[in-house]
Amino acid sequence: MRSRGEWDGRRGAAQTDSLDPFLDAYAPSQANAEVGGRSVLMGALANADPRERSAIATLLLADGADATTTHGDMNALHAVHALHTRLGSARLAPELEASLLRRLVNDGADVNVVAKGYGIP
């Protein structure tokens with residue numbers, strides 16, 4: 001893996017691709033890499049397709065992605081935590097994402113973390 005902040009694969013693959021194209025650009029050592037100032041996990045959690053979102057995020061967590069990741073300073077107005085990214089979505093698919101949410105919490109995502117602009121997840 002290159003240094004944190006350098007992604008070898010295509011920018012935004014976790015957020016925009018399905019699992020197979022994502023895997024073409026990904027190596028397990030990149031589970032905590034950043035793309036555009038945000039973790040690959042945060043990108044995966046913002047993927048619009050619930051099946052692909054769950055598959056990519058679950059893979060990243062299995063490879064050691066940090067479930068406590070945030071985007072921005074949590075005291076800033078638009079900062080978000082992994083659970084804010086997922087639970088704040090109008091496109092939540094509980095039947096597909098319950099195990100992912102459980103995994104995030106079990107891996108350390110804080111259900112009580114407060115984001116200034118969004119409150120608690």
Side-chain angles (χ1 to χ4, degrees):
M1 179 173 113
R2 296 181 184 201
S3 67
R4 184 175 171 91
E6 291 186 53
W7 171 255
D8 289 32
R10 218 170 30 76
R11 289 180 58 86
Q15 184 170 343
T16 60
D17 284 348
S18 60
L19 181 61
D20 289 336
F22 172 76
L23 289 173
D24 290 340
Y26 171 75
S29 61
Q30 297 168 320
N32 284 300
E34 292 183 357
V35 178
R38 142 171 108 166
S39 74
V40 178
L41 178 60
M42 292 292 276
L45 293 171
N47 189 308
D49 184 304
R51 288 188 194 285
E52 303 305 335
R53 174 172 57 239
S54 292
I56 294 170
T58 299
L59 172 71
L60 290 167
L61 290 165
D63 287 344
D66 183 2
T68 67
T69 189
T70 62
H71 178 64
D73 175 353
M74 290 307 286
N75 292 315
L77 185 59
H78 296 294
V80 291
H81 180 274
L83 291 176
H84 288 100
T85 300
R86 197 57 262 125
L87 294 175
S89 173
R91 296 182 185 164
L92 187 63
E95 70 284 358
L96 297 173
E97 298 183 278
S99 62
L100 171 59
L101 292 170
R102 194 170 20 260
R103 175 75 187 259
L104 283 166
V105 171
N106 288 341
D107 285 4
D110 185 353
V111 297
N112 296 309
V113 70
V114 177
K116 188 173 183 178
Y118 304 96
I120 59 173

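As the structure is a computational prediction, the values presented were derived from the model and not from experiment.
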> Does Asn47 use its side chain to pair, donor to acceptor, with the backbone of Asp17 at less than 3.5 Å?
Replying inline: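 Yes, Asn47 side chain to Asp17 backbone: donor-acceptor pair under 3.5 Å.
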>> Using only atom types and a distance under 3.5 Å, with no angle test, would you say the side chain of Asp66 pairs donor to acceptor with the backbone of Asn32?
In response: no
> Does Asp24 have any side chain to side chain donor-acceptor pair (under 3.5 Å) partners at least two apart in sequence or in another chain, and if so, which?
Replying inline: none
Taking all non-hydrogen atoms of both residues, which atom of [X] and which atom of [Y] are closest, and how far apart?
{"X": "Thr68", "Y": "Ala109", "answer": "CG2-N, 4.3 Å"}
{"X": "Gln30", "Y": "Val40", "answer": "O-CG2, 4.1 Å"}
{"X": "Tyr26", "Y": "Ala31", "answer": "OH-CB, 3.6 Å"}
{"X": "Thr58", "Y": "Arg103", "answer": "O-NH1, 4.5 Å"}
{"X": "Leu61", "Y": "Leu104", "answer": "CD1-CD2, 3.9 Å"}
{"X": "Ala57", "Y": "Leu45", "answer": "CB-CD2, 3.9 Å"}

>> For Asp49, give me all partners under salt bridge (Lys or Arg N to Asp or Glu O under 4.0 Å), at least two apart in sequence or on another chain.
In response: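 Counting only residues at least two positions away or on another chain, Asp49 forms no salt bridge (Lys or Arg N to Asp or Glu O under 4.0 Å).
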>> Measuring from atom CD1 of Ile56 to atom CG of Leu100, what distance do you get when rounded to the nearest 0.5 angstrom?
In response: 11.0 Å
> Atom OG in Ser18, atom CG in Leu23: separation rounded to 0.5 Å?
Replying inline: 9.0 Å
> What residues form a side-chain contact (heavy atoms from CB on, under 4.5 Å) with Ser99, not counting sequence neighbours?
Replying inline: Arg102
> Given the rule that I, L, V, M, F, W and Y join up when any side-chain heavy atoms are under 4.5 Å apart, are Val105 and Leu96 in one cluster?
Replying inline: no
